[in-house]
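To start, the structure itself, in structure tokens.
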Amino acid sequence: MAHLPRLRNTTWRRALLFAGWALWLTAPLLLFGEQGYVRIPDNADSNLAVRLAWQTLSAGERLGAWNPFGGCGNDAVITGLFPTDLEHLFFLVFPGWLGYGLFSWLQRFLAGFFTYLLCLRVLHLRRPVALLAGLGYALFSQPWLDRSWDGFTLYDRLGLPGLPLALYALSRLPRLPIGKAVLLGAGIGLFMGVGSHYAFGLFLALAIVLFFTCITPTGHRHLWLGMAAMFGVWGLVELPVLLAALRHAGESHRAGVDYRHPFFREMANYPSLVWRSAYTNLPPLLLGAVGIAMRRGRARLTTALMAIVLAIGVYLLGFDALQMALGDHLGLLRGFRLERVYLLLPFLILLAGVAGLAVIRKRRPVLGRGLTAVLLLAVVVQSAAVLFSMHRARTQGNNFQALYRQRALQMLAERLREEGPYRAAVVGALPGGRGLHPAYLWTYGIETADGYTTLYPQRYHAYWQAVLAPLFAQDPAREQYFEHWGNAVYLFPPPHAAAFAETYNLDLLSLANVRYLVSDDALDDARLRLLMVDQEDRRGFRYIYENPSALPRVFIPARVKFCTDTDALLQALRSMSSAELASTLLVEAADAPVELPAIGDEQAIVQDIQCDTRGVRFRLTARRPTAFAVSIPYMRGWRAHAGEREIPLFPAYHAFTAGVAPAGSTEIVLEYLR
């Protein structure tokens, strides 16, 4: 037993080494305070912006079921605002820049240290080889994978970085009594549930199963019982997200999307994806191939890993044909991105490479040691190049202060808090992080009608198509992108220099409660009033305009117009001015409740409108029952009441919510319930 203290001390020294390596990789984020580096954007789903928006809420609001910030609002669980994810803790305890930096440090530490332990103690590779594997996976410079050239993103959470930890901990189960094995398995399930993205869960689970069936096969009962406990707890933790997605999927913009359409095949380009992943990871792939060749097929570990990598590559190359053949038989998985198995490639290729290097070191010791030294040096040099790029980008405006501490947007947020619930929108947003991004406004507590959302109502998608109809008439390719992809609800830039009025439907933006428009360029529209110009921030929003015609969040139309069908209603939407929309409630005949009055009370008054994550509250005074409209998306889950009396809700203007208030002065509460 005398060797145990020495082994323990060695492990702690390696832990400190990887803690320092993780600090080195996150230095541009942590060492410059609010001037620290931030990706633009951190990723399409804007996870950093959502976390920073969460910081602006009060303690009670953080438990609300509604996310009011993007796309006129959405389910908080679906959009990540509800605190079920581990990274929320970092933004609860620390300032935004520090929470982001510390979480990024944790990702890199877990990825590096536990990859090292996995290779050393489970795969039984030599210490220098295990060290190379840990340093390489912590770096995670994978430009082909969501442009992750600078390492793990917040979108990866602790799923991909924590996969080595899960594998290492599960490999210990056969050594434990059955009770402790099940308990540890449940703990790993809890970690993966709160630390990973539900969309990654299927692929992380696949990696775990493959590891213990193909890479290190074992039939030990404690292992499989512990894994069963892990999957059970993991599923329970993810259940609220899955249930919310299932609840809204049928009425979402994804319903009826044909993923076999040529648009998706051209956009995905799986052969290019396979090539780029292979090119980026060419050194470990070559090492794996050489390792197999030197052992003439007897290198079981290297062969198993390379076989899995090859199988994933073949699967991706044939994914189009597979989806064409099986698309109609996938049921609930039809809209799930089953090609994302490519998320596992960096980790599996790295393991295959170091396994091949271990074979080379055994068969050709001098060559193997020389290769190990060269590769360790290459990883350090590559990390320095990545850090230099991050530092240069940081000084050019890719930093926390330039994006999330802009004085102009702080002033706009203060103005909105004083005048009541209105929204803003960003002009000129582009997918992929180019141009401005609506999510930046959320971090100031500003609600927007636009944003990137992976699941939102089909009704709102159709409404936004009407908003962008003038642009689509000029740019059919952009229309095809929005129709089929749909997630990016943006005021895309015009294809040519054009007036604002010739590109977007400002009247429908007014109906969506958009009082302010933020742009990097001047907007040519006489209906807009320039509010402020900010020329200081190099990546800032330079122009902020006020839209005086914006309708309140809650308003009372004077009359109701019944439309025969959806097409007639959408056509009416496109043709009416904001004043006409304010005075006329457009309702599809099939959606209207029987008791809906055709004429409203012109003297009715709406006061004290309050909106937050718990719902909408306002006081309405009317002489007779009258209809009211609220510019929140019509979604399953909304309930309304006036005192003890329930108020039925129905869709109006196709996308939004309406109800009928009783006569008298009444406080009406709309609550969003899961």
Side-chain angles (χ1 to χ4, degrees), residues 42-94 96 99-100 103 153-159 189-201 233-249 251-252 254 421 438-439 441-448 451-457 460 487 489 610-617 632-639 669-674:
D42 59 303
N43 65 288
D45 286 334
S46 314
N47 284 273
L48 178 56
V50 172
R51 302 298 177 260
L52 295 175
W54 186 75
Q55 281 192 325
T56 68
L57 303 174
S58 66
E61 290 176 325
R62 288 171 181 163
L63 299 176
W66 183 250
N67 177 0
F69 289 109
C72 285
N74 206 334
D75 189 293
V77 174
I78 291 175
T79 51
L81 193 69
F82 193 72
T84 56
D85 303 317
L86 185 62
E87 64 264 33
H88 275 298
L89 179 62
F90 288 78
F91 294 92
L92 176 64
V93 176
F94 303 106
Y100 178 55
F103 188 79
T153 69
L154 198 59
Y155 183 61
D156 297 321
R157 299 183 183 173
L158 296 181
L190 177 62
F191 167 76
M192 296 301 284
V194 301
S196 66
H197 195 289
Y198 80 96
F200 291 6
V233 173
W234 192 349
L236 285 175
V237 174
E238 296 284 16
L239 192 59
V241 183
L242 297 175
L243 290 177
L246 289 173
R247 183 185 193 189
H248 297 292
E251 300 172 354
S252 76
R254 289 179 178 267
L441 274 65
W442 308 342
T443 66
Y444 300 86
I446 299 173
E447 300 174 21
T448 68
Y452 190 99
T453 307
T454 55
L455 196 70
Y456 63 92
Y460 193 69
N487 300 343
V489 182
Q610 301 177 43
C611 304
D612 56 29
T613 62
R614 292 162 292 196
V616 181
R617 293 171 298 280
I632 54 174
Y634 181 78
M635 289 179 63
R636 185 181 304 180
W638 282 107
R639 298 290 184 272
V669 178
L670 277 71
E671 296 178 295
Y672 183 74
L673 307 173
R674 293 189 188 89

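- Partners of Phe90 by ring pair (Phe, Tyr, Trp, His ring centres under 6.0 Å), not counting sequence neighbours, listed by chain and number: Phe103.
- Between Trp638 and Trp66 there is a side-chain heavy-atom pair separated by less than 4.5 Å.
- Under the ring pair (Phe, Tyr, Trp, His ring centres under 6.0 Å) criterion, Phe82 pairs with no residue at all, not counting sequence neighbours.
- In this structure the side chain of Leu81 reaches within 4.5 angstrom of the side chain of Thr613, judged on heavy atoms.
- Rounding to the nearest 0.5 angstrom, the gap separating the OH atom in Tyr198 from the CG atom in Leu239 is 13.5 Å.
- The backbone N or O of Ser58 lies less than 3.5 Å from a partner atom in the side chain of Glu61, making a donor-acceptor pair.
- What you find for Ala249 and Ser252 is that their closest heavy atoms are O-OG, 2.9 Å.
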Could you list the donor-acceptor pairs under 3.5 angstrom formed by side chains in residues 68-78, with sequence neighbours left out?
unit_1	atom_1	unit_2	atom_2	d
Asn74	ND2	Leu455	O	2.6
Asp75	OD1	Val77	N	2.8
Asp75	OD1	Ile78	N	3.3
Asp75	OD2	Tyr672	OH	2.6

Task: Asn487/Arg254 under side-chain contact (heavy atoms from CB on, under 4.5 Å): CA gap, chis, key distance, verdict - done: CA-CA 9 Å; Asn487 300 343; Arg254 289 179 178 267; 3.5 Å; yes

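- A distance of 8.5 Å separates OG in Ser196 from CG in Asp85, rounded to the nearest 0.5 Å.
- Across every non-hydrogen atom of His248 and Arg636, the tightest pair is CE1-O, 3.1 Å.
- Considering only residues two or more places apart in sequence or on other chains, Tyr456 meets the ring pair (Phe, Tyr, Trp, His ring centres under 6.0 Å) condition with His253.
- Here CG of Asn67 is found 3.5 Å from OG1 of Thr79. Values are rounded to the nearest 0.5 Å.
- In this structure, Trp234 has no ring pair (Phe, Tyr, Trp, His ring centres under 6.0 Å) partners at least two apart in sequence or on a different chain.
- With contacts defined as side-chain heavy-atom distances shorter than 4.5 Å, the pair Thr454/Tyr452 qualifies.
- Using a 4.0 Å cut-off between a side-chain N of Lys or Arg and a carboxylate O of Asp or Glu, Glu671 and Arg614 do not qualify as a salt bridge.
- Looking at Gln55, its side chain never comes within 3.5 Å of a backbone N or O of Thr443 through a donor-acceptor pair.
- Using a 4.5 Å heavy-atom cutoff, the side chains of Pro457 and Tyr634 are not in contact.
- Contact check for Leu158 versus Leu86: side-chain heavy atoms found under the 4.5 Å cut-off.
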TODO: Check the pair Trp442 / Thr448 against side-chain contact (heavy atoms from CB on, under 4.5 Å), numbers first and verdict last.
DONE: CA-CA 7 Å; Trp442 308 342; Thr448 68; 2.9 Å; yes

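- Under the salt bridge (charged side-chain N to carboxylate O under 4.0 Å, His left out) criterion, Glu87 pairs with Arg51, Arg157, not counting sequence neighbours.
- Here CG of Leu48 is found 15.5 Å from OH of Tyr155. Values are rounded to the nearest 0.5 Å.
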